[in-house]
Amino acid sequence: MRWSQLHIPTLRADPAEAEAASHRLLVRAGFIRQLMAGHYSLLPLGVRVRTKVMNVIREEMNGIGAQEFLLPSMQPAWIWEKSGRLAVMGEEMFRLKDRKGADVVLGMTHEEIFTSLAVELASYRELPQFWYQFQLKFRDEPRPKSGLIRVREFTMKDSYSFDLDEAGQDASFEAHRGAYERIFARLGIPALAVEASSGNMGGTDSIEFMCPSEAGEDLVARCGNCDYAANLEKATSALPPVTDGPGTPEPRQLPTPSVATIDDLVNKHGIAADRQVKTLVQVIDGQLTLVLLRGDHPLADQKLIDATGAAAIRPAQPDEIVAALGASPGSLGAVGVTDLPVIADLALQGRTDMTTGANVDEVHLTGVDIARDITIGQWADLREVRAGEPCPSCGTPLELVQAIEVGHIFKLGRKYTNVLGVTVLGPDGTAIVPIMGCYGIGVERAIAAIAEVHHDDIGLTWPVRVAPAEVTVVLLSVKDGAARAVAEDIYRGLLAGGADALIDDRDERPGVKFRDAELTGIPYRISVGSRDLADGVVEVTERATGEKTRVPVTEVVALVREIIAAKDA
RNA sequence: CGGGACGUGGCCCAGCUUGGUAGGGCACUUGACUGGGGGUCAAGGGGUCGCGGGUUCAAAUCCCGCCGUCCCGACCA
């Protein structure tokens, strides 16, 4: 490809609207352009990177025996109705009507559609099956952001496994975990495999692949000593044991004028936060519920959703709270409450001599024995861990890192095969409902993650395997016919050897060409100019390190092909 | 959906406070010079100042409404 004829609109200045490094550089280097919030056009260089990323994923998926499909993005609403997810997806799903008035949606994911094809599976002999595709997903994000990281329209590689039983499912899951580890390693994404919540997709054994980056939207709790790592919405920690006093035979009222917070109680009455019970009122699928945590522990919303199976939760409004409990936030408690569900965090188990609100404004109760005084309907892990708390596996202080979710694998169970009526006959002739797994990678988000990890202050530094081109031949002395002939020879030699090469044949000054080569992040540059040619050499520059080598013209093609082959292995 | 900011040629921005012929830089076109780190000079082309309404002799500028975009939060595979 000739730079003179490629559309690579590089910008001299950073785009004003871009914050994240990947966003800024992908726009500036001419890989992407925004059409509207959350929708990006990929330009020729962007398409080349996307193709290479997809090919790595495809090779590894095929490597575990997966078969590639291509399913429609536009889908009938009824199939989502049937799985029960039409309501669950809410406003995040794009919906439209066709000319006949039929309800149609744009797919956010393809469990239903793949499962609808699985009804043609007939025998246990066919299982397991691994089915995948690269297809656009549409999600009406409330807030698209950070370039390709959070968008409303994107390519996902999604795969689904169908197995006869749990043991088979486990093997399929492990096959995918292995494939994902190889994929991210080959893409140059230092992904951490972390325990996660499966969110509204439903499922268990959820593992996210997270690329540490300051542009990331998730927080991962990670142990620096062992391999424990979990999304903050799932992470736990080992808390030091707390010894409580015996307390009083029954709770006692404590007048607490102008105390509205945990801190007030600490400061004005000397009651440590970890000896208090924090009472939150949440509306869980419409049901007012008391949520109890230790005074110094924050609630992890997703844990509450997971523990209750809720579709939606929200904090209760002050007027709802007063109507239900007779007191305002600041003096709330669960002692004696039997008409509302009470769910409590595990860290409160066995605690005695605690302090909590009395459900009378400006009055608290001391000497509360949780088991004796509070009717708790459900115990669950609800608290959000904080940096520095001990790792649950080895006790080392946990660190919190920001990360981009680039992949997610989880087990789906038989939800979809049940509702869509998928069965195969077993060896004994009885019908068996296959069990499913689901495995996703966001392709453009992976590109953004690579860019976040592989750049410096002058541009992108793509790994060879996914770079828009492996090497660019930069003709510096445009007017020098001999130099031009050498550059063209080298370019043709590289192409003939199978290298993905570019030649910058534009009538531009050397500085412009150098800047563009660096900005776009082509891993190797061969500079051809009259000056070095006088000595019979050209200059080879490695983009990532800036390392320059003078190489005889006669050897450069073989040398660069060799380097690329080694990096591309 | 709450909070904040912004919207002026392809890109980055000034002008708005105090209303009076729409500007600069980059990019682009042509010519000359130049040629190993975004070069110089000269001459050009390109604008519904986000949209609609209002005030005014007169609106990029003031007022009202709407739309869009970005950031923080809520939310989120």
Side-chain angles (χ1 to χ4, degrees), chain A residues 7 9-20 23-24 27-28 30 33-39 85 88-93 107-111 137-147 149-152 154 156-158 196-203 206-210 215 217-218 231 233 301-302 305 311-315 404-410 412 438-443 445 458-459 474-480 483-484 504 506-519 525-534 537-539 541 546 548 550:
Chain A
H7 185 57
T10 56
L11 304 176
R12 184 176 291 227
D14 278 334
E17 311 267 67
E19 195 102 330
H23 185 195
R24 186 166 48 79
V27 170
R28 186 163 165 210
R33 287 292 182 267
Q34 180 177 281
L35 177 62
M36 57 177 170
H39 299 261
R85 294 208 293 180
V88 175
M89 293 309 183
E91 294 191 306
E92 205 172 322
M93 181 174 254
M108 302 173 58
T109 175
H110 282 75
E111 280 84 357
K137 309 295 184 194
F138 294 87
R139 299 184 184 180
D140 193 354
E141 286 294 332
R143 176 145 108 88
K145 56 179 286 202
S146 305
I149 291 175
R150 182 157 217 83
V151 292
R152 303 204 304 172
F154 62 98
M156 179 183 272
K157 186 289 297 176
D158 50 326
S197 161
S198 46
N200 64 2
M201 296 300 174
S206 175
I207 293 179
E208 286 173 343
F209 290 83
M210 308 293 287
E217 306 178 278
D218 288 302
N231 192 302
E233 57 189 34
D301 291 356
Q302 188 65 44
I305 291 170
I313 63 168
R314 64 171 175 85
I404 302 166
E405 179 190 346
V406 287
H408 195 170
I409 64 177
F410 49 96
L412 285 174
C438 169
Y439 318 90
I441 295 176
V443 175
R445 186 182 280 185
I458 56 171
V474 177
L475 173 61
L476 300 173
S477 312
V478 180
K479 295 271 167 60
D480 179 343
R484 180 175 289 273
D504 192 345
R506 294 175 296 171
D507 182 11
E508 288 287 355
R509 302 183 62 88
V512 173
K513 298 186 178 188
F514 289 149
R515 296 278 187 172
D516 276 349
E518 285 154 356
L519 183 58
R525 180 177 89 204
I526 301 174
S527 307
V528 182
S530 312
R531 192 189 73 192
D532 282 349
L533 241 31
V537 301
V538 295
E539 187 180 79
T541 309
K548 296 179 179 177
R550 280 157 59 90

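The model shown is predicted, which means the values in this text are computed figures rather than measured ones.
Base pairing of B:C70 is made with B:G4, judged by Watson-Crick or G-U wobble geometry with both donor-acceptor distances under 3.5 Å. In a base pair of the Watson-Crick type (N1 to N3 plus N6-O4 or O6-N4) or a G-U wobble (N1-O2 and O6-N3), with each distance short of 3.5 Å, B:C51 is matched with B:G65. As the counterpart of B:C28, B:G44 is assigned, both hydrogen-bonding distances of the Watson-Crick or G-U wobble pattern falling under 3.5 Å. B:C16 is unpaired under the criterion used here, namely a Watson-Crick or G-U wobble arrangement in which both key atom distances are under 3.5 Å. The partner of B:G36 cannot be assigned: no Watson-Crick or G-U wobble pair with both contacts below 3.5 Å exists in any strand. Figure legend. B:A58 is base-paired to no nucleotide; pairs are counted as Watson-Crick or G-U wobble with both atom distances under 3.5 Å.
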Nucleotides 4-8 of chain B: which of its N/O atoms have a protein N/O under 3.5 Å away?
none

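If you check B:A77, B:U69, B:G36 against the side chain of A:Ala37, the one that comes closest is B:U69. With distances taken from any side-chain atom of A:Pro510 to the nucleotides B:C11, B:G36, B:C71, the minimum falls on B:G36. The side chain of A:Ser146 approaches B:C71 more closely than any other nucleotide in the set B:G36, B:C71, B:C75. Listed nucleotides: B:C12, B:G36, B:A77. Nearest to the side chain of A:Glu141: B:A77. Here B:C12 is the nucleotide among B:G36, B:C12, B:A77 with the atom lying nearest to any side-chain atom of A:Ala16. Nearest nucleotide to the side chain of A:His408, out of B:A77, B:G39, B:G36: B:A77. When distances run from any side-chain atom of A:Phe514 to the nucleotides B:G36, B:C71, B:A77, the shortest one goes to B:G36.
Within the nucleic acid shown, A:Asp507 comes within 4.0 Å of at least one base atom, counting heavy atoms only. Contact annotation for A:Tyr439: no contact, since no heavy-atom pair falls under 4.0 Å across all strands. Using a 4.0 Å heavy-atom criterion, one finds that A:Gly529 contacts the bases of the nucleic acid, with or without backbone contacts as well. Within the nucleic acid shown, A:Glu405 comes within 4.0 Å of sugar-phosphate atoms alone, with no base atom in reach, counting heavy atoms only. Within the 4.0 angstrom heavy-atom criterion, base atoms lie near A:Asp516. Contacts of A:Arg33 with the nucleic acid, taken as non-hydrogen atoms under 4.0 Å apart, are absent. Here A:Asp532 lies in heavy-atom contact (under 4.0 Å) with a base.
Here, B:C71 and B:C33 have their C1' atoms 47 Å apart, quoted to the whole Å. Taking atom P on both nucleotides, B:G36 is separated from B:U29 by 22 Å, rounded to a whole Å. Spacing between B:U8 and B:C75 at atom C1', rounded to whole Å, works out to 35 Å.
In terms of modelled atom types and a separation under 3.5 Å, the side chain of A:Arg139 and the main chain of A:Met108 share a donor-acceptor contact. Of the possible polar contacts, one joining the A:Arg33 side chain to the A:Val27 backbone as a donor-acceptor pair under 3.5 Å is found. Between the side chain of A:Ser477 and the backbone N or O of A:Ala483, no donor-acceptor pair lies under 3.5 Å. Remark: the backbone N or O of A:Leu11 is paired with a side-chain donor or acceptor of A:Arg28 at under 3.5 angstrom.
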Less than 3.5 Å apart, which donor and acceptor atoms pair up between the side chains of residues 508-515 of chain A and the rest of the protein, not counting sequence neighbours?
from	atom 1	to	atom 2	distance (Å)
A:Lys513	NZ	A:Leu475	O	2.7
A:Lys513	NZ	A:Asp504	O	3.2
A:Lys513	NZ	A:Arg506	O	2.6

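The side chain of A:Arg143 contributes an N or O atom lying less than 4.0 Å from OP1 or OP2 of B:C72. Here A:Lys145 reaches the OP1 or OP2 of B:C72: one of its side-chain N or O atoms lies under 4.0 Å away. Using a 4.0 Å cut-off, some side-chain N or O of A:Arg12 falls inside it from OP1 or OP2 of B:A27. Phosphate contact (OP1/OP2 of B:C70, side-chain N/O of A:Gln34, threshold under 4.0 Å): present.
For the atom pair CD of A:Glu405 and CZ of A:Arg445, the computed distance is 6.0 Å after rounding to the nearest 0.5 Å. Note that OG1 of A:Thr109 and CE of A:Met93 are 9.0 Å apart. Values are rounded to the nearest 0.5 Å. Remark: A:Ile313 CD1 to A:Gln302 CD distance equals 8.0 Å, nearest 0.5 Å.
Between the side chain of A:Glu518 and the base of B:G37, at least one donor-acceptor pair of N or O atoms lies under 3.5 Å. Looking at A:Arg139, its side chain comes within 3.5 Å of the base of B:A77 through a donor and an acceptor atom. For a distance-only test at 3.5 Å, the side chain of A:Arg28 qualifies as a donor-acceptor partner of the base of B:G38.
Comparing A:Arg525 and A:Glu19 by the nucleotide of RNA chain B whose heavy atom lies nearest to each, the residue mapping closer to the 5' end is A:Arg525.
Straight-line distance from the CG atom of A:Leu11 to the C1' atom of B:G38: 13 Å, rounded to whole Å. Atom CZ in A:Arg515 sits about 13 Å away from atom P in B:A27, given to the nearest Å. The separation between A:His7 atom NE2 and B:A27 atom P is 17 Å, rounded to whole Å.
Residues A:Val538 and A:Leu533 form a side-chain contact, since some pair of their non-hydrogen atoms from C-beta on lies under 4.5 Å apart.
Between the side chains of A:Lys145 and A:His23, no donor-acceptor pair is found at a separation under 3.5 Å.
Between A:Phe410 and B:A77, no base-stacking contact is recorded for ring centres under 5.5 Å apart and planes less than 30° from parallel.
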